[in-house]
Structure formats: C-alpha cells, structure tokens
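Positions are given from 1 along the sequence. The structure presented is a predicted model; accordingly, all values stated were derived computationally and were not measured.
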Amino acid sequence: MLPPRCLFRSNASRHATQSHLRFGVQRRAIALNSRLFKISEEVRQALHERRPVVALETTIYTHGWPYPDNLALASRLESVVRLHGGVPATIGILEGVAHVGLAADELMRLASSKHALKISRRDLGFALGLKDAEGNSFNGGTTIAGTMVLAHLAGIKVFTTGGLGGVHRGAEQTMDISADLTELGRTPVAVISSGCKSFLDIPRTIEYLETQGVAVATFADGRKGNVHFPAFYSRDSEVESPKVLQDAQEAASVIHAHSMLGLQSGLHFANPVPLEHEIPFAEMEVAIAQANAEGINAGATGAAITPFILDKIKQLTGSRSLTANKALVESNVVMGAKVAKALVELQKHDDLGPQLDLPSQRIVSLRPHDPQSRQPFNEKTSVVLTNSTSTQVSPVDQNEPLVATHNANVFVAGTLALDYACNHKPRSGSTSTGLEMHTSNPAQISQSLGGVGHNVARAAHLMGAGVQFCSAVGDDLSGRAALAALNDEGLSSEAVESVAADSGKRTAQYVAVNEQSRDLAIAVADMAILDTPRKGEPDTIGTAFNDNWLPRLREARPSHLVLDANWPPTYLARWLKAGSEINAHITFEPVSNAKSAIPFQLPSKSPLSVFPKSTIRLITPNATELAAMYTAARAGSFFDRADWWAVIDALGIPSSGARTAMSLATSPALVDQGIPQQSVQLLPFFPSICTKLGARGVLVTQILPANDARLSSADHAPYILSRCNNDTEDSLGVGGVYMRLFPAVEEVAEEDVVSVNGVGDTFCGVLVAGLSKAKQEGREGRVEEWIDVAQRAAVLTLKSEQAVSPGLGTLRMLM
C-alpha cells in the first residue's frame with residue numbers, strides 16, 4: 001500500500017495523466033522537496049492552486065548590486081510581483097541547496113554572502129554536490145541559464161530578468177556566446193528581459209536564437225509599424241524584431257500554445273526600457289566602443305568581460321545607466337506578473353491541471369531536504385526518476401516520521417480540519433445568477449487544510465517559531481489526507497492522534513457554500529472529534545492526552561502554549577493544568593461567541609486563577625467574543641469572587657469610573673460600545689487582552705506588574721489608564737492598567753478581500769511567535785511589540801484564498 005502522502009496526491013496525478021492522454025506528451029512533477037532542491041511552501045501552494053508565479057534570478061543581487069542595496073532591490077521586486085497579482089519565486093543556491101522561492105531571512109543571507117558563486121547550468125552539480133576547503137556548503141546567485149533550469153524543475157513557466165546574455169562582439173574569433181542562449185534552446189521557460197546587453201552583437205544573437213529554435217518577440221509598448229529589438233538601455237537597436245506582441249495577453253497565448261504542443265525550447269520576449277529612462281542608442285554606442293576598447297587593453301575575457309564592460313559603461317554614463325537599469329528591471333517584473341496572470345487564466349480555461357505538471361521525467365521525493373547531508377540518495381531519501389506517467393515510490397521506513405522532529409518552543413492544541421469552499425459558478429449563458437435550493441448547483445470546489453488550532457500553528461511556524469501541533473483526526477480518508485497535507489506544510493504530524501475507526505470519531509470538516517460574489521450562503525461543520533464522549537463510549541481523546549500529548553509537553557517544556565476553544569471544558573482544564581505545571585505562557589483563542597465562554601465552564605475543581613497567578617495569560621477575542629466572555633463571566637458570578645475584586649480594587653480605577661480616560665486612550669465610539677470597560681473587568685482572569693476590531697485596529701489592555709518600566713516611561717505615559725493606589729503592590733503585584741488602541745496597518749479595499757477565514761487565527765499565531773522569540777532571546781516580550789507585524793500578517797491572509805497566507809514568511813525580517 002502506498003504511504004498516505006501518495007494517496008493524498010492521487011487526484012493531482014490522475015489529472016496529470018488525463019493531460020498526458022489529451023496532448024500526448026510526458027510531464028514532470030516535483031511532488032516534494034529533496035535534500036538538494038527546495039520549493040518554498042508559498043510557491044508550491046501557488047503552483048498547485050494554479051496561481052500566477054514569476055521566477056526571479058539572484059545573480060543581479062550577488063554580482064550586480066552591493067549589500068544592502070541588493071536586498072532592498074530584491075524586496076522591491078518581490079513586492080512588485082505581489083502588487084500585480086503574482087507570487088514571486090526568487091531562485092538561488094543557499095548552503096548547498098537549490099531554492100525556488102527564498103524566504104526573507106534566506107534572501108538576506110544570500111544577499112549578504114561575501115563569497116557567493118555565479119551559478120549557471122554547468123555549475124549546479126558542483127555547487128550542490130561539493131563543499132569549499134573549509135567544509136562549508138556553497139552559496140550562489142543563479143544566472144539566467146541556472147534560473148531557467150531550476151524554474152523548469154519547479155514547474156514555473158514565466159521568468160523575468162534585466163538583460164539577456166548573447167553573442168559577444170568579435171565572437172567569430174573568441175567564440176564567446178552566453179550560456180543563456182543555449183539554455184533558451186532546450187528549456188521551455190519564457191524569459192522576459194529588456195533585450196541583450198547593449199554591448200553585445202544583437203544581430204548575431206537573434207540569429208543564434210533562431211538556430212536554437214527559440215521564439216523571439218518584442219512588446220510594441222505603443223509603437224507602430226516596424227518595431228526594433230531593444231538594446232537594454234535603449235528602446236531601439238536598428239535591428240528589427242522577428243515578431244511583435246501587443247500586450248501580456250498575446251504573450252500568454254504564445255506560451256500556452258507552445259506548452260500545449262510539448263515544445264522543449266524556450267521563449268524570449270523583449271520588453272523595452274520605459275521611455276522616460278531610455279539612453280539613446282547612438283549615445284550608448286559611443287560609450288560601448290570605449291568600454292570594449294578598454295576591456296581588450298585590460299585583457300578581460302570570458303566571464304570577466306561582462307562585469308568589466310558594465311562597470312566602464314556605468315563610469316561613462318554616470319547615474320543614468322544605473323537609473324535605467326532599475327527602471328527596466330522593475331518594468332520587466334510588472335510585465336512578467338501580467339503575463340503569468342494571463343497564462344493561468346488560459347490554463348484554467350483549457351483545464352490543463354496544476355502547473356506542477358511539466359514535460360519530461362517525473363521526480364518524487366518523500367523526504368524533506370537535509371542541507372547538512374551529502375550522502376547519496378537511498379531508501380530513506382527515496383527519489384525516483386521515471387519516464388512513465390505513473391508515480392513510483394521506493395520503500396520507506398513506515399516507522400520513521402515524514403517530518404523531522406525539532407525542539408518546539410510553542411505548543412498549539414486545537415482542531416485540524418479539512419475545509420471545503422464551494423463557490424457558485426453559474427454555467428455560461430445561464431439566466432440564474434443565485435444559488436437554487438433543493439437541486440444541484442455548478443460550483444468551483446477547493447479543498448484546504450483548516451481548523452483554528454492548525455491555522456494558529458501554521459502562522460507561528462511560517463514566522464519562524466518551532467511549533468508542535470497537537471490535534472486529532474479520524475482513521476479515514478480525510479484524516480490521511482490531512483496528515484499528508486500537514487507534513488507538506490512543514491508541520492510535524494507526530495502529535496496528531498489518529499483515532500481508530502471503530503471509535504466513531506470522524507476527521508473534522510467544514511463546508512462553506514458561497515454565492516458567486518464569495519459571500520457566504522450557508523455553512524456546515526462537523527467538529528465533534530474533540531467532544532467529550534457519551535456515556536459508555538471510550539475516551540479516545542483522554543487517552544491521547546495521557547499517552548501522547550502530555551508526555552510530549554512535559555519533555556519539550558515549551559515557553560508558550562496556545563489552546564483554541566474547540567476543547568470541551570473537561571479537556572481544556574487538563575491542558576491548562578499541564579501548561580501551568582511547566583510554567584508555560586498560555587494563550588486562549590476564543591474561536592466563536594458560543595465557545596468563547598468555555599473558560600468560565602471549567603470543572604469546579606479546576607477554576608480559573610487570577611493575577612498574579614492567572615491560568616490564562618493572553619486572550620485574542622474579537623469584539624463580539626469579548627462581549628460573550630464578559631457575559632459568561634457575569635452570568636457565572638465570576639465578578640462576585642473575592643480574589644477578582646482584590647485585583648480590580650488594586651487597578652486604581654476611580655469609583656466614578658474612567659470613561660474620559662478610556663475615551664482618550666481608545667475612542668468614544670469604543671467606550672459607547674463598552675469594549676474597554678469589558679476588557680478591564682476581565683483583566684484579573686486574563687491579564688493581557690488583544691481585542692481584534694477589524695478596520696478599527698487592535699485594542700491592547702493589560703495589567704502592568706508593579707515596578708514595570710512602562711509605568712515610569714514618558715513614551716508609555718499616554719497609555720497608562722490607571723495606577724495602583726491602595727498600597728498592594730508588594731502583596732498583589734499590580735502596578736496599573738495599560739490600554740492602547742493600535743490603528744489598522746492598512747485599509748483593505750473591499751474588492752481586495754478574498755476571505756476572512758483564518759484572519760484572526762493568523763494574528764494570534766504571529767503574536768505568539770513574537771513572544772516566544774523574545775523568550776528565546778532571554779527576555780519577556782511585550783505584546784505591543786508584535787501587534788503591527790501580526791496585523792500585517794492578518795492582512796496577507798485577508799487577501800489570500802488560504803486560511804493562512806503562504807506569504808507570511810516574507811514578514812519574518814520584521815520579527
């Protein structure tokens with residue numbers, strides 16, 4: 001029997017096979033990462049979902065721009081791709097591993113590397129297979145040729161860069177022809193650049209590309225009649241372009257047809273430098289002639305000639321060439337994103353299946369990459385190459401986990417669910433635009449991993465925290481799919497209990513049926529797997545807690561524990577007791593209005609403790625969940641407890657109330673709604689409350705311990721709502737109340753909102769990741785340090801189809 005991971009991929013494999021039968025070509029798919037080749041989670045997800053992906057090279061950063069200017073340029077170009085609806089896949093070699101999609105911290109390490117290699121196709125084996133004299137793995141920026149190879153392996157069809165290599169002037173004597181041209185002849189990737197570097201022999205370059213079978217065209221960019229092939233800094237070169245494209249849609253149509261025919265050569269589309277930044281061709285020719293002459297006199301040849309001439313051109317033209325270079329690169333990236341977006345729409349129309357299906361062999365890996373290893377592939381690393389359309393898998397030790405265990409500083413316990421989004425899609429020509437009841441409706445159905453606990457864990461993981469996720473699934477098809485998908489995300493499934501089929505427990509599932517506008521019409525959920533067993537039923541969850549989760553928690557002793565409200569009171573009490581025993585900082589995510597009351601429904605023998613020994617240290621409700629928690633506390637007489645009153649009295653809130661002070665700290669509208677008042681009333685039980693207010697931002701309300709530095713800081717003075725004035729600082733440790741309204745970091749237009757699912761979970765996960773990072777640094781983190789980055793992460797999820805945006809990793813450098 002195939003491992004669960006293979007079962008999970010069966011639909012994609014079947015779809016690929018159908019494409020093979022339809023078009024008669026073999027295709028390549030990289031299912032997972034190997035020790036030498038890693039596709040980032042964001043890129044893999046985008047390719048699988050058929051979203052536009054744009055490849056970006058890294059030689060421009062390692063050999064073209066100094067640090068930190070190169071890092072700023074890299075960040076800018078990735079942002080440009082995102083702004084135009086695409087997903088950037090920056091490609092490079094880091095620590096002996098080929099990366100397709102570099103995270104922010106990885107990009108920083110590569111950009112600051114002092115001895116980065118320049119990696120073309122010929123160099124890949126050396127850079128990945130060897131180490132330097134000191135035993136270190138290599139870092140390297142990939143050239144156009146190197147980037148094309150890796151982009152093709154990943155399944156990316158569109159790649160943007162600055163300028164193409166070509167035939168050097170005098171090549172009839174030197175035979176100096178760029179490897180970019182031969183790569184274009186054998187690798188089916190569309191390269192968008194501003195033409196050849198202007199010091200090259202453009203007519204011979206175009207002739208060589210024609211010999212290699214490369215499709216060459218130039219974007220008209222408003223020009224009529226004969227259009228010249230651009231010369232990098234110049235829009236015209238006096239050489240007529242073989243073909244002309246009017247826009248990105250035409251370019252996408254060419255790529256699509258090229259791919260459907262199974263052609264194995266590449267395509268080159270030249271995009272002229274923006275008019276306002278052009279340096280006239282005649283002027284550039286004078287500078288190039290002088291630079292070439294000096295290069296000959298200096299003896300510069302081979303790989304050294306290009307950087308020598310570029311440096312001389314920069315000296316001769318001043319800042320104009322630098323400005324033009326920046327402008328044309330950004331313009332090419334914009335065009336690449338537009339082309340990739342149009343291409344995806346064409347692929348969806350013809351139903352070619354996920355972009356991960358590409359011509360040639362099939363590569364399947366069942367093991368995560370290990371950058372430290374230099375051992376040959378074997379059964380444990382299980383990579384199979386085959387020319388057949390079916391996937392073959394070598395034997396794998398079934399007792400060995402698919403994802404390596406790591407030291408977890410954050411434990412997250414909660415639901416893992418399969419989410420189904422059914423988006424109504426009326427048939428073409430249909431007069432009905434809305435859903436029809438009591439009959440079948442056409443829809444586009446997507447499946448993804450969800451559940452509040454999972455979403456929090458994934459967000460924390462993407463932000464760099466070491467995460468152990470504790471949950472349960474049924475021993476059913478959905479459960480096996482969920483476990484495989486969890487491993488694909490890089491989260492260990494070791495602490496996800498697979499409940500026996502005869503227990504009657506099913507994997508949690510959530511089905512949302514949406515109108516054509518994406519507004520929710522109706523949803524159904526089956527989250528019963530964590531419920532307390534009925535009388536006579538086995539306590540499978542209790543057994544999992546005792547035999548699996550509790551031992552792991554005690555062994556790892558994480559600094560932070562996050563619990564979602566899907567746990568029934570009995571199980572929540574056990575988690576709270578276990579977390580308190582190891583002195584973990586416990587965060588509670590309320591999930592919903594109904595479930596947010598669960599902390600006030602704990603068994604009588606396990607009541608909530610109050611400050612300074614609060615059982616739960618942080619909660620992250622929205623406004624309605626906060627109100628529900630306040631109502632539950634009041635209904636349960638929690639505000640009548642003597643220990644609650646002792647803390648409230650120590651806060652220093654005057655008997656007349658603090659309406660004016662709260663209005664100044666937040667807003668009159670929030671005070672009218674009662675949100676600050678409810679927060680203060682709940683502080684004894686939850687000394688740190690981050691209330692998510694959507695477009696109004698986040699309200700942070702905290703008890704400051706006595707002697708907290710913020711109590712005497714001028715910078716924090718505006719946020720000190722009250723100070724202890726009953727001389728109980730030494731006995732209770734209360735210093736005062738901190739209240740601060742953080743405005744929303746971005747006003748998101750309604751048309752940019754894709755889904756609200758997982759937005760609050762993302763916020764919570766990033767917040768905890770920041771707090772755990774501070775703990776690892778040997779200090780107590782303050783929630784206000786991480787509010788802005790947590791909000792930015794939530795915005796990314798708001799604009800994503802996923803419950804947690806795969807792009808969260810781009811925010812890591814803000815942590």
Side-chain angles (χ1 to χ4, degrees), residues 563 565 568-569 572-573 576-577 580 586-663 665-666 670-693 699-706 720-729 731-739:
L563 304 170
L572 181 63
L576 292 173
K577 182 176 184 292
S580 298
I586 300 178
T587 298
F588 177 73
E589 167 50 47
V591 175
S592 68
N593 294 351
K595 293 184 177 181
S596 63
I598 286 179
F600 301 105
Q601 300 167 358
L602 299 176
S604 57
K605 62 181 181 180
S606 307
L608 278 179
S609 300
V610 299
F611 184 89
K613 297 181 179 180
S614 308
T615 314
I616 296 173
R617 302 267 295 277
L618 169 66
I619 60 173
T620 55
N622 60 30
T624 59
E625 291 163 352
L626 180 76
M629 296 182 80
Y630 172 81
T631 301
R634 186 174 61 184
S637 300
F638 282 78
F639 297 155
D640 296 333
R641 283 173 40 171
D643 55 354
W644 171 85
W645 169 249
V647 178
I648 286 291
D649 190 41
L651 296 179
I653 305 288
S655 58
S656 58
R659 182 179 179 85
T660 301
M662 288 180 180
S663 296
T666 61
L670 287 179
V671 174
D672 289 343
Q673 195 175 343
I675 291 174
Q677 299 94 314
Q678 293 168 354
S679 299
V680 170
Q681 296 281 302
L682 290 170
L683 278 178
F685 300 113
F686 316 112
S688 191
I689 303 174
C690 295
T691 307
K692 300 166 291 193
L693 302 171
L699 176 63
V700 174
T701 311
Q702 301 179 79
I703 292 180
L704 293 185
I720 306 301
L721 183 73
S722 63
R723 301 171 188 272
C724 179
N725 59 9
N726 68 353
D727 298 324
T728 58
E729 290 94 336
S731 58
L732 279 178
V734 175
V737 176
Y738 179 99
M739 184 173 286

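Between P684 and R641 the shortest side-chain heavy-atom distance does not fall below 4.5 Å. Within the 4.5 Å cutoff, side-chain heavy atoms of F588 are placed close to those of P599. The shortest side-chain heavy-atom distance between I675 and T666 does not fall under the 4.5 Å cut-off. In this structure, the side chains of L608 and F600 come closer than 4.5 Å at one or more pairs of heavy atoms. At a threshold of 4.5 Å between non-hydrogen side-chain atoms, the residues P676 and T701 do not count as touching. Proximity of I703 to V647: side-chain heavy atoms (C-beta onward) are separated by under 4.5 Å at one or more points. Counting heavy atoms from C-beta on, the side chains of T691 and S679 come closer than 4.5 Å. Looking only at side-chain heavy atoms (C-beta outward), L626 and L699 stay at 4.5 Å or farther from each other.
Within the model, atoms CD of Q673 and CG of L693 stand 7.5 Å from one another, a figure rounded to the nearest 0.5 Å. Between the OG1 atom of T620 and the CD1 atom of I689 there is a distance of 11.0 Å, given to the nearest 0.5 Å. Between atom CD1 of residue I653 and atom OG of residue S722 there is a gap of 3.5 Å, rounded to the nearest 0.5 Å. K577 contributes atom NZ, which lies 9.5 Å from atom NZ of K605 (distance to the nearest 0.5 angstrom).
Taking Q702 as the reference, E784 meet the side-chain hydrogen bond (donor to acceptor under 3.5 Å, both in side chains) condition, with sequence neighbours excluded.
Looking at every heavy atom in both residues, L732 comes nearest to F611 through O-CE2, 3.6 Å. Across C690 and V700, no two heavy atoms sit closer than the pair SG-CG2, 4.1 Å. Across every non-hydrogen atom of L683 and S688, the tightest pair is CD2-N, 4.5 Å. Annotation for N726 and C724: closest pair OD1-SG, 3.2 Å, computed over non-hydrogen atoms. Contact record, V734 with E729: O-CG, 3.6 Å, taken as the closest heavy-atom pair.
A donor-acceptor pair under 3.5 Å links the side-chain atoms of T615 to the main chain of S609, judged by distance alone. Side-chain atoms of E625 come within 3.5 Å of backbone N or O of N622 as a donor-acceptor pair. Proximity of a side-chain donor or acceptor of T728 to a complementary backbone N or O of S731 within less than 3.5 Å is not detected.
Note: Y630 and F639 have tilted aromatic rings, judged against thresholds of 30 and 60 degrees for the angle between ring planes.
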Before you tell me yes or no, could you show the steps for L576 and L602 under side-chain contact (heavy atoms from CB on, under 4.5 Å), namely the whole-Å CA-CA distance, both residues' side-chain angles and the distance that decides it to 0.1 Å? CA-CA 10 Å; L576 292 173; L602 299 176; 3.8 Å; yes
Show the numbers, then the answer: is there a side-chain contact (heavy atoms from CB on, under 4.5 Å) between I616 and L563? CA-CA 10 Å; I616 296 173; L563 304 170; over 6 Å; no
Please test M662 against V680 for side-chain contact (heavy atoms from CB on, under 4.5 Å), starting from the C-alpha separation and ending with a verdict. CA-CA 10 Å; M662 288 180 180; V680 170; 3.8 Å; yes
Step-by-step side-chain contact (heavy atoms from CB on, under 4.5 Å) determination, M629 to F686: CA-CA 11 Å; M629 296 182 80; F686 316 112; 3.8 Å; yes
